[in-house]
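The first residue of the sequence shown is numbered 1, and numbering continues consecutively from there.
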Amino acid sequence: MASINTVMPRISRHRDKCKTGHLCSPTAPVNASQYTVFANGKAILRRGDKVAPHKILKPPRCVPHKAKLSGSSFTVFVRGIGVGRRGDRADFGAMTGASFDVFAG
């Protein structure tokens, strides 16, 4: 069944991917820091959760890089921290992976 929601972004969960904004590793999963609130059986991401280690170009080579989910909902929280959603800022890109049927404004 297709969703009728056209306004709220979808919730992002443990190991859903983001676009990093880097040439060496264009995508990377994000790891949840909490394991008490779930969507579709996966822990929901929150602002500050860590992007898995990936690489960034520091000419002339690619070097390891760490980053966090820096965007989140201003109205929906898990344990007091805004939930991560598709389109929220992560590293120099944004979350692309998310639930197909759980949404947050």
Pairs of donor and acceptor atoms involving the side chains of residues 23-32, under 3.5 Å and at least two apart or interchain, shall be tabulated with distances.
unit_1, atom_1, unit_2, atom_2, d
S25, OG, K55, N, 2.9
N31, OD1, R15, NH1, 2.9

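For the pair A39 and I11, the tightest heavy-atom approach, listed with the atom from each and the gap, is CB-CG2, 4.3 Å. In this structure, L69 and M95 approach most closely via the heavy-atom pair CD1-CG, 3.6 Å.
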* To do: Could you go through the side-chain contact (heavy atoms from CB on, under 4.5 Å) check for T36 and R79 one step at a time?
  => CA-CA 9 Å; T36 57; R79 302 190 65 159; 3.3 Å; yes
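The backbone N or O of A52 sits less than 3.5 Å from a side-chain atom of H54, completing a donor-acceptor pair. One N or O on the side chain of S73 and one on the backbone of G105 form a donor-acceptor pair closer than 3.5 Å. The backbone N or O of V78 sits nowhere less than 3.5 Å from a side-chain atom of Q34 that would complete a donor-acceptor pair.
Atom CG of residue D49 and atom CG of residue D16 lie 11.5 Å apart, to the nearest 0.5 angstrom. With rounding to the nearest 0.5 angstrom, the CZ atom of R10 is 10.5 Å from the CG atom of N40. One finds the OG atom of S99 at 5.0 Å from the CZ atom of R13 (value rounded to the nearest 0.5 Å). For the atom pair CG of D91 and NE2 of H22, the computed distance is 3.5 Å after rounding to the nearest 0.5 Å. Interatomic distance, CZ of F100 versus CZ of R86, reported as 8.5 Å (0.5 Å rounding).
Less than 6.0 angstrom separates the ring centroid of H14 from the ring centroid of Y35.
Judged by the 6.0 Å distance and 45° axis criteria, R85 is not positioned over the aromatic ring of F103.
Of the options S12, S33, S72, C18, a side-chain contact (heavy atoms from CB on, under 4.5 Å) to L45 is made by S12 and by none of the others.
Hydrophobic clustering (ILVMFWY, side-chain heavy atoms < 4.5 Å, transitive): V37 and I81 are in distinct clusters. By the rule that hydrophobic residues join a cluster once side-chain heavy atoms approach within less than 4.5 Å of another member, M8 and V76 end up as members of separate clusters.
Counted within 6.0 Å of NZ on K42, heavy atoms from surrounding residues, nucleotides or ligands total more than 12; the atom is thus considered enclosed.
Screening residues 71-105 for disulfide (SG to SG under 2.5 Å), with sequence neighbours left out, gives no hits.
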